[in-house]
Amino acid sequence: MMLGTVRRFGVSHALRATAPRSISARLATQLPKWQAPSTISSLSATRSLHSSFPRLSAATAQAIVEETEPSKPAIITEFSDLAGENLIHNKIIKNIIQPDRMNLKTMTEVQSLTLNEIVKGDDILAQAKTGTGKTLAFLVPTLQNILNDPSVDVSKVGRRSARTAPSEIRALIISPTRELAEQIAVEARKVAFGTGLIVQTAVGGTQKRAGLAKIQQEGCHLLIGTPGRLKDILSDPWTGVSAPKLNTLILDEADRLLDQGFAPEVEEIQSLLPDPTKVDRQTLMFSATVPREVLQMVRQTLKPNFKHVNTVREDELPTHQRVPQKVVYTRGLENSLPALLELAQNWQARRDNGEELRPFKAIAYFNSTAETKVSADAFNAVARSSEFRQSSMRNMKMLEINSRLSQAVRTRSADNFRKAREGILFSSDVTARGMDFPDVTHVVQIGVPRDRETYIHRLGRTARAGKEGEGWLFMHPGESDVYRKRLGRLPLKVDTALESANADLTRSLSNDTPVGKIVSQITEGLAQCDNATKVKSYMGQLGTATGNFNSKREAIQALNQMFISSYNMQTLPELSPRLMQQMGLNRIDGVSVGDGTRQRREGGFSRGGDRSRFSRDGDRGERGGFSRGGDRGGFSRGGERGERSGFSRGERGGFSRGGDRGGFSRGGDRGDRSSRPRRSFEDSFNDDFRF
DNA sequence: AAAAAAT
């Protein structure tokens with residue numbers, strides 16, 4: 001049973017000048033007592049029964065070592081064993097294993113397999129599944145290496161007047177998000193407690209001057225940050241923050257940092273660091289996913305003799321076997337939120353019936369920030385209703401996080417969700433990677449994610465540290481092409497149990513069926529969201545849906561239906577001709593065309609320029625008493641709905657200027673196809689795929 | 001107009 005591999009590139013190792021003497025000589029030779037011949041089979045049995053955390057079996061580690069480094073003794077698998085070998089500082093080990101501290105015993109595969117290599121000073125690309133302790137894998141040896149460096153002065157512990165210079169940075173960790181940087185810092189401080197090592201952060205959204213002052217006053221050995229702020233601080237000579245003695249550069253979520261969006265900034269940061277030919281440094285890259293596209297970048301950035309530590313077997317996927325993954329085809333885009341509520345209610349109902357289930361703690365992922373907001377607002381409104389507060393759902397916290405919120409709110413949401421026993425975090429991809437929220441039972445992805453890696457990382461927010469969890473994907477049938485292309489090989493099973501996923505929400509539903517109740521709760525919740533937010537959500541989803549759907553026409557149709565029937569809006573957002581041109585929507589029915597002047601008058605519907613947070617300003621979306629007015633109190637679905645479905649048959653008159661079909665046209669002509677040859681391939685791809 | 005990330 002081959003669980004992990006260490007691959008070596010090149011022939012020789014460039015050992016750092018400061019590297020401690022012969023590490024292999026210090027390695028533990030004794031194997032842990034549970035390395036009995038039966039260990040491997042009993043280990044796997046234990047794993048499936050209790051879904052215990054997949055630790056590295058000593059026998060496996062031995063096998064790996066034998067294969068790659070025949071002369072070396074066993075790899076250490078217990079944190080406590082690191083003490084006897086003088087490999088890791090006693091204080092660090094205490095911090096890790098003491099019950100009143102981190103309370104960990106056994107190392108994970110990725111931790112065991114990278115420790116010696118990192119202490120040695122080698123460059124590493126480490127790949128391991130989500131939630132298997134990658135952070136600790138690079139923190140422990142990196143902090144140890146700083147302690148090993150004789151030029152590092154840690155004697156200043158506790159002395160108030162003494163200070164370490166802000167130019168003493170020995171290791172730098174780059175993270176793709178602010179929250180992840182902060183989370184890594186929290187863990188680093190736990191590991192470094194009492195050692196005298198100073199850990200600092202540099203992230204955006206915080207007061208630059210205050211953060212800078214802190215680094216200047218206290219000094220810094222390990223700096224953790226996000227690309228923008230790091231670049232800002234390191235490029236400004238006046239800050240005094242610099243890293244002339246940098247030994248270690250770590251890219252957490254390396255593939256993300258090396259992709260299109262981040263690579264230029266990361267390169268700039270590297271250019272601000274000392275020349276690696278003058279000051280030898282190691283570079284460490286960690287991630288659960290390393291797509292082929294970035295391998296070239298990885299090779300360019302690492303030394304030629306870097307090692308690839310991969311604990312994900314070649315024949316398996318970087319998702320956990322113990323995470324059931326389900327895909328739900330929703331009738332329309334408007335069915336997602338009811339289906340989410342139903343999922344939560346079903347789970348809580350089962351708990352009420354005495355089933356031993358953990359409290360429902362879910363993250364709902366959306367592809368646009370505005371959709372995240374509408375959904376969070378709607379669920380927050382639902383949670384305020386008396387019906388909800390009298391149900392078994394009453395303790396659920398509804399939280400929101402995305403990059404458009406102020407950093408203070410983001411941090412508060414993340415903290416509250418960490419603490420929450422049960423609830424739903426409505427999230428964009430800010431939390432998709434690396435974030436460690438304890439006890440997440442469900443990850444629900446609404447809409448097909450932008451790529452396979454995103455799916456895997458989002459899913460990885462559950463089933464962490466040996467716990468169980470489940471993944472759900474709610475998607476519109478119109479996304480079938482990208483679904484197959486991006487997620488085709490992943491083990492998703494179709495689930496049809498959620499009734500509200502399939503209900504026709506363009507018609508009235510009886511309020512006394514379970515589905516009717518769920519739908520009316522969502523409808524009431526959405527009614528309390530402001531119109532400007534709904535319009536932004538439409539526009540945001542337009543951006544992703546036109547890319548995700550098999551045809552643009554289908555995307556528009558689905559979006560319009562959601563906007564009218566579920567958001568309860570009367571007038572479609574207008575798209576400027578320029579935007580329509582850009583998006584290739586010129587020949588698509590159902591698009592509301594604006595002339596570009598009106599949008600400025602109608603504040604709520606603006607697009608260009610208004611990059612502010614979701615402003616509640618001038619509630620101008622509510623025009624002419626269309627929405628929310630009147631005595632809708634009871635949400636009488638009957639008449640209202642009937643009226644609306646009438647609209648769909650073309651009785652809307654001037655409702656949308658882009659043709660009289662209002663987006664509900666079911667006609668067969670796919671006008672957009674001929675204009676976009678790329679479609680034909682995707683369409684033919686779709687032909688042999690049926691639901 | 002579509003995550004994120006400096007002001």
Side-chain angles (χ1 to χ4, degrees), chain A residues 174-182 201-212 225-236 239 251-253 255-269 272 363 365-373 400-407 410 426-435 445-451 453-455 457-458 479 482 535-549 552 555-556 559 573-585 591-592 594 599 605-612:
Chain A
I174 310 180
S175 149
T177 64
R178 298 164 180 177
E179 285 79 7
L180 181 56
E182 297 289 359
T201 57
V203 299
T206 58
Q207 285 198 351
K208 185 185 163 190
R209 284 185 59 177
L212 212 46
T226 42
R229 182 57 63 87
L230 284 176
K231 203 181 87 183
D232 188 11
I233 285 184
L234 292 170
S235 62
D236 183 353
T239 64
L251 304 190
D252 196 15
E253 307 297 345
D255 57 325
R256 175 70 186 91
L257 291 173
L258 294 176
D259 82 10
Q260 273 263 292
F262 273 123
E265 267 186 316
V266 171
E267 273 170 29
E268 277 185 70
I269 291 170
L272 297 166
I363 306 181
Y365 281 106
F366 299 85
N367 289 331
S368 84
T369 53
E371 193 187 359
T372 305
K373 178 172 173 57
E400 179 197 358
I401 190 166
N402 64 58
S403 68
R404 305 283 279 257
L405 297 166
S406 74
Q407 191 53 42
R410 280 169 63 165
F426 294 81
S427 180
S428 68
D429 283 322
V430 248
T431 68
R433 283 172 175 261
M435 291 305 294
Q445 310 195 30
I446 285 117
V448 174
R450 49 183 42 78
D451 50 46
E453 286 69 39
T454 301
Y455 174 87
H457 286 276
R458 286 167 164 186
E479 296 177 282
V482 288
V535 170
K536 283 179 179 159
S537 177
Y538 177 98
M539 298 305 285
Q541 288 180 74
L542 188 68
T544 51
T546 48
N548 265 9
F549 273 66
K552 297 211 159 92
I556 293 292
L559 271 168
E574 290 174 2
L575 278 57
S576 72
R578 196 175 66 90
L579 183 64
M580 288 183 58
Q581 176 72 32
Q582 275 174 3
M583 299 183 80
L585 295 173
V591 178
S592 177
Q599 53 180 303
F605 287 70
S606 74
R607 289 169 287 286
D610 181 16
R611 296 213 136 261
S612 63

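Protein chains get the first letters and strands the later ones, always in sequence-line order, with residue 1 at the start of each.
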_Using the rule given for side chain to side chain donor-acceptor pair (under 3.5 Å), can you reason through A:Arg578 versus A:Gln581, listing the C-alpha separation, both sets of side-chain angles and the distance that settles it, and then say yes or no?_
CA-CA 5 Å; A:Arg578 196 175 66 90; A:Gln581 176 72 32; over 6 Å; no
Out of [options], which has the shortest distance to the side chain of [X]?
{"X": "A:Ser428", "options": "B:dA3, B:dT7, B:dA1", "answer": "B:dA3"}
{"X": "A:Ser368", "options": "B:dA4, B:dA1, B:dA3", "answer": "B:dA3"}
{"X": "A:Arg450", "options": "B:dA6, B:dA4, B:dA2", "answer": "B:dA2"}
{"X": "A:Thr544", "options": "B:dA4, B:dA2, B:dA5", "answer": "B:dA2"}
{"X": "A:Thr226", "options": "B:dA5, B:dA4, B:dA2", "answer": "B:dA5"}

*Can A:Thr239 and A:Asp236 be said to form a side chain to side chain donor-acceptor pair (under 3.5 Å), step by step?*
CA-CA 6 Å; A:Thr239 64; A:Asp236 183 353; 5.4 Å; no
What's the [atom1]-[atom2] distance between [X] and [N], to the nearest Å?
{"X": "A:Ile401", "N": "B:dA5", "atom1": "CD1", "atom2": "P", "result": "9 Å"}
{"X": "A:Asp259", "N": "B:dA5", "atom1": "CG", "atom2": "P", "result": "13 Å"}
{"X": "A:Gln581", "N": "B:dA1", "atom1": "CD", "atom2": "C1'", "result": "15 Å"}
{"X": "A:Arg404", "N": "B:dA3", "atom1": "CZ", "atom2": "P", "result": "7 Å"}
{"X": "A:His457", "N": "B:dA3", "atom1": "NE2", "atom2": "C1'", "result": "13 Å"}
{"X": "A:Phe262", "N": "B:dA4", "atom1": "CZ", "atom2": "C1'", "result": "5 Å"}
{"X": "A:Gln260", "N": "B:dA5", "atom1": "CD", "atom2": "P", "result": "18 Å"}
{"X": "A:Asp429", "N": "B:dA5", "atom1": "CG", "atom2": "P", "result": "11 Å"}

Within the 4.0 Å heavy-atom criterion, would you say [X] contacts the bases, only the backbone, or no part of the nucleic acid?
{"X": "A:Gly540", "answer": "sugar-phosphate"}
{"X": "A:Asp232", "answer": "base"}
{"X": "A:Arg410", "answer": "sugar-phosphate"}
{"X": "A:Lys231", "answer": "base"}
{"X": "A:Gln582", "answer": "base"}

Determine: side-chain N/O of [X] to OP1/OP2 of [N], distance under 4.0 Å, yes or no.
{"X": "A:Arg578", "N": "B:dA1", "result": "no"}
{"X": "A:Thr369", "N": "B:dA3", "result": "yes"}
{"X": "A:Arg178", "N": "B:dA3", "result": "no"}

*asked:* Let's test your reading of the model: under 3.5 Å, does the base of B:dA3 pair with the side chain of A:Arg256 as donor and acceptor?
replied: yes
*asked:* Just to verify, what does A:Glu268 make a salt bridge (Lys or Arg N to Asp or Glu O under 4.0 Å) with, not counting sequence neighbours?
replied: A:Lys231
*Please name all residues satisfying side-chain hydrogen bond (donor to acceptor under 3.5 Å, both in side chains) with A:Ser427, sequence neighbours left out, ordered by chain then number.*
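A:Ser427 satisfies side-chain hydrogen bond (donor to acceptor under 3.5 Å, both in side chains) with A:Thr431 once adjacent residues are dropped.
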*Going by an N to O cut-off under 4.0 Å, is there a salt bridge joining A:Asp429 and A:Arg450?*
yes
_Polar contact flag, side-chain donor to acceptor under 3.5 angstrom, A:Gln407-A:Gln207_ = no
